Amino acid sequence: MDQVLLFAAAAALVGLGILLGIARATEPTQASLADVAKHADRTVTVVARVLSADTTASGALRLVLTDGNVSLNAFAHEPPAVLPGDAVEATGRVTKYRGVWELVIDRQEDLLVVTPWDAEATPLALLSERPWGFLGMNVLTLGKVESGPNGEVLVDPATGARLRVTGAGGLIGEGAGWLRVGGLIEYDEEGNRFALRLINAWPAATPG
Amino acid sequence: MEPLLGLLLVAAVGALAGAATGLLPSMHVNTLAVVLLATVPLFAVALPAVGLVAYDPAFYAAALILAISISHTFVNIIPAAYLGAPDESAALSVLPAHRMLLRGNGFRAVRLSAFASFFALAVSLALVAPFKWLLGPPVDLFSKIRGILPLIVLVLAVALVLGEPNRIGPKGWHPSARRLAARAAAVVVFLAAGAYGLIIFDLDLGAYLPVPPSPLLPALSGLFGAATILTSFVATARIPHQFLRMHDADLRPAGAAAGLSIGVAAGATMSVLPGLTSASATGLVAAVRRGGDAETIVSLSSVNTANAVFNLAMLYLFARTRSGAVIAIEAVLPVHAWTGGPPHDLVLLLIVALIAGFGSLVLTLAVGRFLVRRLQRLPYRGLLAGVLVWMTATVVAFTGWIGLLVFVVGTALGVVPVRLGLRRVPLTGVLLVPILTYLWF
């Protein structure tokens with residue numbers, strides 16, 4: 001019997017077993033969004049909320065994830081159905097694209113919706129009453145847009161809550177109906193008031 | 001400086017740099033693309049100093065990256081043929097090229113590969129416009145190919161395994177029983193390589209150099225590189241006299257044309273399909289081509305060069321980045337979608353590719369001839385040992401110690417079909433099984 005063949009086959013089998021064990025033992029590292037840069041070119045798992053989700057021309061999904069303080073871009077090649085506002089667990093490789101860190105998610109099963117977005121998670125009334133409590137945070141809320149003398153305002157007719165919106169540009173306009181709005185709560189020095197700096201807005205169903 | 005002269009200079013520098021990377025065993029052009037990307041800011045300072053101001057520094061950087069990637073596909077046959085030490089894309093060229101070396105036709109293998117790459121480049125450049133017409137409206141093959149690809153690859157994989165022509169087993173067995181044994185062994189090797197491929201893509205590789213680690217580097221280096229080197233080390237004390245006069249009698253024009261056509265078609269197809277690289281394309285071509293060593297080299301060399309051209313076209317057609325070099329180009333150069341006539345940048349880049357290709361052809365022939373003369377005077381086993389050490393160091397540097405384990409396992413697996421008396425084509429399961437899994441599940 002060819003001893004070299006036997007040795008090579010045995011070495012290959014043992015080696016495959018060892019590699020399989022390493023693959024199973026090496027679970028992706030859990031990381032916070034703020035620390036992803038420390039895991040450059042490695043696979044990590046993050047838990048975050050989807051701030052925006054745009055489909056590219058190739059059918060992939062470009063996401064912005066947030067944990068309330070930090071945002072991270074993500075790119076999913078084969079995305080499942082994900083909506084802004086959903087809390088997701090995303091596993092992917094940390095890479096730099098055009099100088100910005102992003103998470104590249106290769107497989108559909110690596111992007112899991114942990115908690116679908118709850119429209120009432122951050123009520124506009126709460127944001128309006130206590131904006132300082134959300135200062136510097138990325139939030140998602142629900143409202144309708146009205147134009148005022150000082151710009152656009154997000155309102156909830158049911159509660160009377162109002163919150164100034166900045167950075168809307170031509171993205172949203174009065175008469176757009178109920179919108180799910182994502183943005184950053186900041187202090188508007190010019191207007192001397194708290195405001196939501198708009199990141200993205202999507203049509204939403206009228207709340208029941 | 002005149003614009004055309006500037007393009008000539010960039011193409012020439014790219015051809016030289018690509019030749020340097022192509023000569024280094026196991027070095028892949030994607031690695032160099034990442035390094036170049038980091039130095040792009042220097043271009044804005046350095047280029048005006050040498051008179052390159054006709055175009056934006058970002059364009060010159062993109063042109064340089066393209067020229068390097070084209071040149072690399074020409075020159076990487078040299079370490080594959082002379083040393084049995086390929087990079088990912090030339091892995092399957094090692095075997096026919098090395099066989100030719102052992103018959104005294106090492107330089108002929110290099111020459112065949114270089115001319116095949118050049119003709120593939122020329123044909124691919126001519127086919128870029130029809131490529132657009134086929135993939136986009138009105139034919140829209142892009143979506144149609146993706147729809148039936150899983151079936152195509154499955155059929156090819158089955159054909160690959162069941163097409164094993166050798167016979168193994170005791171001489172007393174009936175020939176049909178020996179052929180059946182060979183096919184069964186090919187199935188086992190294919191599945192083992194496939195399991196290996198599935199496992200390695202799940203590994204978290206480290207690296208000592210700041211480039212993204214790829215499991216294909218240690219895997220293909222082990223399966224096709226180190227295994228060949230070890231086999232040669234045992235079987236070959238010195239290489240025979242290498243003939244520089246060419247005898248092309250065993251390469252039929254029809255065979256060469258067929259090899260070139262299949263190579264260009266495979267290179268174009270792989271640029272369309274997500275998740276598949278030029279290494280995958282060479283695996284599939286090797287599975288279907290049944291010609292001699294010369295024709296096989298023509299096919300495999302054509303695949304790599306054609307793939308580089310069509311990858312660039314895909315960037316402008318569908319904003320797809322299918323290779324590290326194109327990812328680097330897209331990172332530095334604003335890409336305008338190709339909807340009507342070809343974008344100006346794309347036309348200039350294709351001109352640079354053609355110039356770099358011609359320069360690479362001349363370089364490959366010159367360097368190949370130079371090295372083969374000296375190869376005969378060197379202690380071959382010592383050279384192989386040195387290449388093995390270099391390959392091991394490269395694997396560790398780019399993929400860490402787990403990559404080294406992948407390399408060792410790949411080497412052991414690569415030796416098995418050789419000792420069994422089978423083709424090494426079933427080892428392409430390392431690429432095909434993950435592809436099939438990706439497509440079907």
Side-chain angles (χ1 to χ4, degrees), chain A residues 1-31 37 39-45 55-60 62 75-79 91-104 106-110, chain B residues 34 37-38 41 142-143 146 188-189 192-193 195-196 198-207 209-213 215 219 222-223 227 230-231 234 274-275 314 317-321 327 330-332 337 401-402 405-421 438 441:
Chain A
M1 194 70 183
D2 186 343
Q3 294 193 346
V4 173
L5 171 63
L6 282 176
F7 178 76
L13 274 174
V14 170
L16 280 175
I18 294 173
L19 287 176
L20 183 62
I22 292 174
R24 291 213 167 145
T26 312
E27 292 291 328
T29 309
Q30 289 279 344
H39 303 280
D41 300 319
R42 290 189 174 272
T43 302
V44 298
T45 297
T55 304
T56 68
S58 62
R62 193 169 290 282
F75 188 86
H77 286 286
E78 300 283 339
T91 301
R93 185 169 288 275
V94 179
T95 62
K96 217 169 192 179
Y97 181 71
R98 293 184 186 261
V100 178
W101 291 107
E102 74 173 13
L103 194 70
V104 178
D106 288 320
R107 303 179 300 189
Q108 194 174 77
E109 59 264 33
D110 287 337
Chain B
V34 172
L37 207 50
F142 186 42
S143 53
R146 294 186 71 179
V188 172
V189 171
Y196 174 65
L198 288 173
I199 293 171
I200 63 174
F201 281 104
D202 267 347
L203 292 170
D204 208 1
L205 300 172
L209 295 177
V211 291
L223 286 172
L230 285 176
T231 307
V234 171
M314 284 299 292
L317 283 172
F318 299 104
R320 298 293 209 277
T321 51
I327 290 172
E330 198 247 358
V332 299
W401 297 104
I402 296 180
L405 181 59
V406 172
F407 176 66
V408 169
V409 174
T411 303
L413 200 49
V415 168
V416 170
V418 177
R419 301 302 296 190
L420 279 174
Y438 169 80
F441 301 104

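Small disclaimer: the values here were computed from a predicted structure and weren't measured. Excluded from the calculations below are hydrogen atoms, water molecules and symmetry mates; all remaining heavy atoms, backbone and side chain alike, are included. A note on names: the letters A, B, ... follow the listed sequences, proteins ahead of strands, and every chain is numbered from 1.
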Point to revise | Residues in side chain to side chain contact (heavy atoms under 4.5 Å, CB included) contact with A:Leu20, at least two apart in sequence or another chain | key: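 Checked A:Leu20 against side chain to side chain contact (heavy atoms under 4.5 Å, CB included); matches are A:Arg24, B:Ile199.
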Point to revise | Between CG on residue B:Leu420 and CG on residue A:Leu5, distance to nearest 0.5 Å | key: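 So the CG of B:Leu420 and the CG of A:Leu5 are separated by 4.5 Å.
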**Study point:** CD1 on B:Ile200 to CD1 on A:Ile22, rounded to 0.5 Å
**Key:**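 Reported value, rounded in 0.5 Å steps: 13.0 Å.
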Review point. Are the side chains of B:Val409 and A:Ile18 in touch, meaning some heavy atoms are under 4.5 Å apart?
Key: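 No; the side chains remain at least 4.5 Å from each other.
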Cut-off 3.5 Å, no hydrogens considered: what does the side-chain donor-acceptor table look like for residues 411-419 of chain B, sequence neighbours left out?
from, atom 1, to, atom 2, distance (Å)
B:Thr411, OG1, B:Phe407, O, 2.8
B:Arg419, NE, A:Asp2, OD2, 2.9
B:Arg419, NH2, A:Asp2, OD1, 3.2
B:Arg419, NH2, A:Asp2, OD2, 3.2

